[in-house]
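Structure record follows, encoded as structure tokens.
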Amino acid sequence: DIINNSWVLNTCTSTALFAPIETAITNAKANGRAGKGSLVVFSAGQEVGPAAAGGNNPYNCVAYPASLTSVIAVGAIDLRGDFPAYANYGAELDIVAPTSRQTSPAATKENNVAIVDRETKGYNQAANNAANSDYPNMKYTRYFGGTSVAAAEVSGVAALVLSKNPNLTAGEVTNLLLANT
């Protein structure tokens, strides 16, 4: 029903770049959910593009394929409504969700909105991500965030909308999301 993507190519082009990706997106949107269309959500990317000095965020571009008009491009904002310094943003951005990543164990959490990974083989699993395994005795206390988490939040809201009315088309769900956030 909803295809959530938290990957990008290391480029900020909004033009056609890789036909198999674009064909898969087109097919999902046209044929998914028995012809109602699947929503295709992409994170905007992090630290992709020119790191020009100045401004709140030097990554003023949305990474491909989030930059395509055929997908919902999701960016990250912090609790103050600012773009985190690492998060890509730009004209192709469709929607943002609150998230920010903790930069170190000593960093203040005042401005962070993050997800706690409770999946036994997820982000916190030492075998999968040794640098982020700070959960003694399997307590899963590691926070993680970024545009990937923001995309998952948007996908979750879309899933809630579809749970209330599964007959909506992908376009109708997209319009509801964009008109009411």
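Count residues from 1 along the sequence.
The side-chain hydrogen bond (donor to acceptor under 3.5 Å, both in side chains) search around D94 returns none, not counting sequence neighbours.
Remark: S148 OG to W7 CH2 distance equals 12.0 Å, nearest 0.5 Å. Note that CD1 of I2 is 8.5 Å distant from OG of S38, once rounded to the nearest 0.5 Å. Distance check: L68 CG to E92 CD gives 9.0 Å after rounding to the nearest 0.5 Å. Atom OG1 of T11 and atom OH of Y64 lie 9.5 Å apart (nearest 0.5 Å). In this structure, CG on L93 lies 11.5 Å from CD1 on I72, to the nearest 0.5 angstrom.
With a 4.5 Å cut-off on side-chain heavy atoms, T23 and N27 count as touching. Annotation: side chain of P98 is in contact with side chain of E153 (closest heavy-atom distance under 4.5 Å). P65 places a side-chain heavy atom less than 4.5 Å from the side chain of I21.
Using a 4.5 Å cut-off between side-chain heavy atoms of Ile, Leu, Val, Met, Phe, Trp and Tyr, with links allowed through other members, F83 and V62 fall into the same hydrophobic cluster. Cluster annotation: L178 and L162 are assigned to the same hydrophobic cluster (Ile/Leu/Val/Met/Phe/Trp/Tyr, side-chain heavy-atom contacts under 4.5 Å, transitive). Linking ILVMFWY residues whenever their side-chain heavy atoms come closer than 4.5 Å, directly or via other members, places L168 and V154 in the same cluster. No path of Ile, Leu, Val, Met, Phe, Trp and Tyr side chains, each step under 4.5 Å between heavy atoms, connects L177 with F42, placing them in separate hydrophobic clusters. I3 and V8 are members of different hydrophobic clusters when ILVMFWY side chains are connected at heavy-atom separations under 4.5 Å.
Put simply, the side chain of K29 never gets that close to the backbone of L39: no donor and acceptor are under 3.5 Å apart. Proximity of a side-chain donor or acceptor of Y89 to a complementary backbone N or O of I77 within less than 3.5 Å is not detected. The closest donor-acceptor contact from the side chain of T147 to the backbone of G75 lies at 3.5 Å or more, if one exists at all. At least one donor-acceptor pair closer than 3.5 Å links the side chain of R33 to the backbone N or O of P166. Here the side chain of Q46 pairs no donor or acceptor atom with the backbone of N88 at under 3.5 angstrom.
The two residues S43 and S6 have their closest heavy-atom pair at OG-CA, 3.4 Å. Closest non-hydrogen pair, P84 versus A76, comes out as CD-O, 3.2 Å.
Applying the side chain to side chain donor-acceptor pair (under 3.5 Å) rule to pairs touching residues 155-168 yields N4-S155, sequence neighbours excluded.
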